[in-house]
Amino acid sequence: MIARVIVDVPVNRTNRPFDYRVPDWLVPLMKIGSRVVVPFGPRKLQGYVIGVEETAEDRVLEKLRDVEQVLDDQPPLSDELIRLGEWMSRQYLCPWVTALQAMIPAVLKGRSEKWLFASEQLGVEECGRSSLLWDLFRRKKMPLAEVEKGYAEEAMLVPGWIASGLLYTSYQVTDRVTRKQQSFVRSTLSDEELAEAIASLPARAEQMRRVLALLAGLHGQSLSVKMLQEELGITRSPLKSLEAKGWVVIEQQEVYRDPYAHRRFAGETKPAFTAQQERVLQAIEEPIQKQEYGSFLLHGVTGSGKTEVYLEAIEKTLAKGREAIFLVPEIALTPQMVEKFKARFGDEVAVLHSALSQGERYDEWRKIIRKEVRVVVGARSAVFAPFQNVGLIVIDEEHESTYKQEETPRYHAREVAIWRAKENHAVLLMGSATPALETYALAERGRYTLLSMPERVGNRPLPTVHVVDMREELRAENRSMFSRQLHEMIGERLAKQEQMVMFLNRRGFSTFVMCRSCGYTLRCVHCDISLTYHRTNHTARCHYCGYTIKQPAHCPECQSEHIRFFGTGTQKVEEELAKLYPGIRVIRMDVDTTSRKGAHEELLRKFRTGQGDVLLGTQMIAKGLDFPRVTLVGVITADTSLFLPDFRAAEKTFQLLTQVGGRAGRHELKGDVVVQTYTPEHYSIRHATQHDYPSFYREEMLQRRRTGYPPYFRLVLITFSHEEVPVVVKAAHTMADTLRPRLAETTILLGPVASPIARVKDRFRFQIMLKYRDESRLPDLLAQATAAFEEWNKQHKVLMTIDVDPYVLL
Ligand SMILES: Nc1ncnc2c1ncn2[C@@H]1O[C@H](COP(=O)(O)OP(=O)(O)OP(=O)(O)O)[C@@H](O)[C@H]1O
Ligand SMILES: [Zn+2]
Ligand SMILES: [Zn+2]
């Protein structure tokens, strides 16, 4: 038997399967999708079996090396996921193995380590006075790293011992799988025997009697020792005595680390659907029933009841005997959301997100592979859930940029979801109050079916949005970060004991240059994006094309000298609130207050239970929260995200304002939103305050067409980095020169220019941007070019990354 193996050498040169012979004793274990250990050059590596050939000629077999180990009883990758990995490798120009590794829990990724072994020749005589040799004689092997650390003096003698044949080294692949074990107790006696046993115990053996009585009720089932002790309030000794009598057995069993284990989840009752919910559910009913591919974009305003629609769709999918994946952006994966799912689907749900420890993640993942659950709720990588019969994939807040992974493989969960939905004849349901422009454009062209829910549940009004022009505030001598209107409304809420959300837009914090008198910002004359301020030489520069001007002392528009770069922090807002409203209870949520595990959840719980008047935070609080008593949302600085050097700046601002605004007045109490801005006339602010997505969409599409950005053009960003400028410049130019003559005429190559963040960790960065429409040859072309440069790049220590459809352009 031959196994075709993708080995863990993530470079393009080895980006193909290698053949290995499967020794007879491993044949029964050999399954497609399993991890194996194989020799590769002088090393041993972990690899993934992507295919087997049952028979092969001896002549062929003779030339092959042997598979050394099979690491799994149950393969972590399915045939579908293996093919998905191949597709990703082509689509995102990454090694196949890197794509496969993105699909499995981190603990399964093997590390190859050098170990020191005792040979047959090492006997007691040879050990002499060496503690290292004695230890090796006993343990047989030890990681070399441990030897070097723990036996510093003797480590120098190791080469000699190897030469004389007492020791040898070899590579071993280890994963970091640990399983949590717990003691369980059960009785081995029949019911009658138990009754006799209880009767036979002396009067003072009260505790033993109670244990047996409890176990009798379980009829041979086992119970965790910990729970039994807690229940009866006893020590371990009566158990030991019973074990000695042979009446009970205590054994180790594996348990899952379930972070939600001790919570109670109230069973939720389904509401009667609203008419628009009914309509949407009807539209997706057919492909779910017929098990056909169907893709839908659900455009529903904030508070329109999208979540109920998702839950119902999942229930229908489960009823067909199929499985469902529910994706949420990382920050929206709140306890509230998880509780909803647990209440509805109980133990059928696994939850995957980055706040879990690696062990917890692994345990949740194993519930899927063992078919113990049929629903997965999780962030981006949950799209790889190893289900075998996926019937539905939901992407909530589909516009969120966290669905794009910013390290290799640089995939987008939406594209992977489409691939899997097609492959499985499943339904893809994407929802948002502010769909990504690319998604909406495709829906308009009929690629996805567009469904809409334009009303809030119960016809509750969308909140009233008040736009405050901060330039006027300055003119009225108000230099505080709170406008007069916001100041007044906060006071009213405090008096009425209603709650508030204060949102600080930290995106683009203090990088762009703006005039505080007239709102003018410095922009690139060629690219229509903001210039970024460079402190070191006081210049403002365009990060797409390199256009640079000196930081002006006066505003070019109104001659004011109040032109400078821009920003405020959450702490400053908190201080100011405390100063203005003595005694106000502020719950601040930012990276500082939420870094501890569980802190995020705890702060939200405090707010929910009324232990705070104001929830103050950044992007973290903009999504998915549903608090009945919130009637005021203040947006302290709406524009900071507007002038980022990013063609999506206007779109992101519109999304943020709509989402934060959507937190107000979701229940009985009516809501107000105050948006403070220096550019009230900007279309993304204007349309957000009107709750007018279609108008924003049209205007933004015009901009994109004019400037040649997605969805009209697609982008590929190639970034190079090196410690020395000349080397990185040479690399970028060589690549550009290679690509240029081969590109289609309609494809535009921008650069090479220095990257917006021109130096990271002392490495200089340069980039090339490709803009193209339909260049079908591009992936192949890039793959060839990458392969050609790999050797050169490696020699000169140049790092090159290729980002297809990039989100972060810095
Ligand atoms: N049919 C219904 N009848 C009564 N209440 C409902 C119904 N559907 C949803 N709700 C309630 O309405 C509120 C808003 O619903 P939900 O959170 O699903 O909105 P959403 O569209 O997901 O909003 P967002 O985009 O802001 O997250 C929730 O409190 C939910 O429990
Ligand atoms: Zn000005
Ligand atoms: Zn420019």
Side-chain angles (χ1 to χ4, degrees), residues 265-282 284 296-316 326-345 377 379 394-400 402-403 429-436 439-440 450-463 465 499 501 503 604 607-608 615 619-631 633 635 654-671 673 688 691 693:
F265 296 97
E268 215 180 334
T269 44
K270 264 197 261 178
F273 293 119
T274 62
Q276 53 179 15
Q277 283 172 329
E278 284 289 358
R279 263 202 314 280
V280 167
L281 284 166
Q282 240 153 46
I284 57 176
F296 300 87
L297 171 61
L298 172 55
H299 177 213
V301 297
T302 55
S304 57
K306 295 187 287 294
T307 313
E308 285 307 323
V309 170
Y310 303 146
L311 291 172
E312 185 66 14
I314 292 172
E315 204 166 298
K316 288 191 164 146
F326 185 83
L327 300 180
V328 284
E330 187 67 52
I331 42 175
L333 195 55
T334 57
Q336 228 177 329
M337 184 63 102
V338 173
E339 271 169 39
K340 260 207 164 91
F341 273 81
K342 291 262 178 181
R344 189 80 168 251
F345 303 111
V377 181
V394 177
I395 308 183
D396 189 19
E397 313 283 4
E398 71 77 36
H399 63 277
E400 269 296 316
T402 57
Y403 286 126
L429 177 57
M430 302 174 279
S432 172
T434 52
T439 312
Y440 203 82
L450 183 62
L451 306 167
S452 70
M453 300 205 298
E455 312 279 334
R456 278 190 163 180
V457 170
N459 281 324
R460 283 170 205 138
L462 284 160
V465 183
Q499 289 184 304
V501 169
F503 175 73
L604 288 179
F607 189 62
R608 178 182 314 284
L615 181 65
Q619 267 66 12
M620 235 177 254
I621 60 169
K623 303 270 139 36
L625 304 177
D626 193 14
F627 297 112
R629 293 203 63 79
V630 171
T631 59
V633 169
V635 181
F654 178 84
Q655 288 166 347
L656 264 174
L657 292 180
T658 309
Q659 297 288 351
V660 215
R663 299 310 114 211
R666 292 165 69 88
H667 295 256
E668 280 70 38
L669 303 166
K670 213 189 133 334
V673 181
H691 312 290
Y693 180 87

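When a ligand or atom number is given, it counts from 1 through the structure's own listing order.
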Exercise for the section: Pull out every atom of ligand 1 sitting under 4.0 Å from any heavy atom of Glu308, numbered as shown with elements. Expected result: 8 (N), 9 (C)

Problem - Residue-ligand contact Val301/ligand 1, heavy atom below 4.0 Å - result: yes

Exercise for the section: Go through the structure and list residues passing side-chain hydrogen bond (donor to acceptor under 3.5 Å, both in side chains) with Tyr310, not counting sequence neighbours. Expected result: Asp396

Problem - Within reach of ligand 1, part of Met453 (heavy-atom separation under 4.0 Å) - result: neither

Exercise for the section: Identify, by atom number and element, the atoms of ligand 1 in contact range of Thr274, meaning under 4.0 Å from any of its heavy atoms. Expected result: 1 (N)

Could you list the donor-acceptor pairs under 3.5 angstrom formed by side chains in residues 297-305, with sequence neighbours left out?
residue: His299; atom: NE2; partner: Ala433; partner atom: O; Å: 3.2
residue: Thr302; atom: OG1; partner: Arg456; partner atom: NH2; Å: 3.3
residue: Ser304; atom: OG; partner: Val301; partner atom: O; Å: 2.7

Problem - Gly662 to ligand 1, any heavy atom closer than 4.0 Å - result: no

Exercise for the section: Could you tell me which atoms of ligand 1, counted from 1 in the order shown, lie closer than 4.0 angstrom to a heavy atom of Ala272? Expected result: 1 (N), 2 (C), 3 (N)

Problem - For Lys306, the ligand 1 atoms whose distance to one of its heavy atoms is below 4.0 Å - result: 18 (O), 19 (O), 20 (P), 21 (O), 22 (O), 23 (O), 24 (P), 25 (O)

Handout entry: Tyr693 side, atom OH; Thr658 side, atom OG1 - distance, nearest 0.5 Å
Key = 10.0 Å

Exercise for the section: Mark up the atoms of ligand 1 that fall under 4.0 Å of a heavy atom belonging to Thr307, in ascending order. Expected result: 16 (P), 17 (O), 18 (O), 22 (O)

Problem - Heavy-atom closest pair, residues Glu278 and Phe273 - result: OE2-CB, 3.9 Å

Handout entry: Atoms in ligand 1 with a heavy atom of Gly305 nearer than 4.0 Å
Key = 9 (C), 15 (O), 16 (P), 18 (O), 19 (O), 20 (P), 21 (O)

Completion exercise
Looking only at heavy atoms, the pair that brings Phe607 and Val630 closest together is CE2-CG2, 3.8 Å

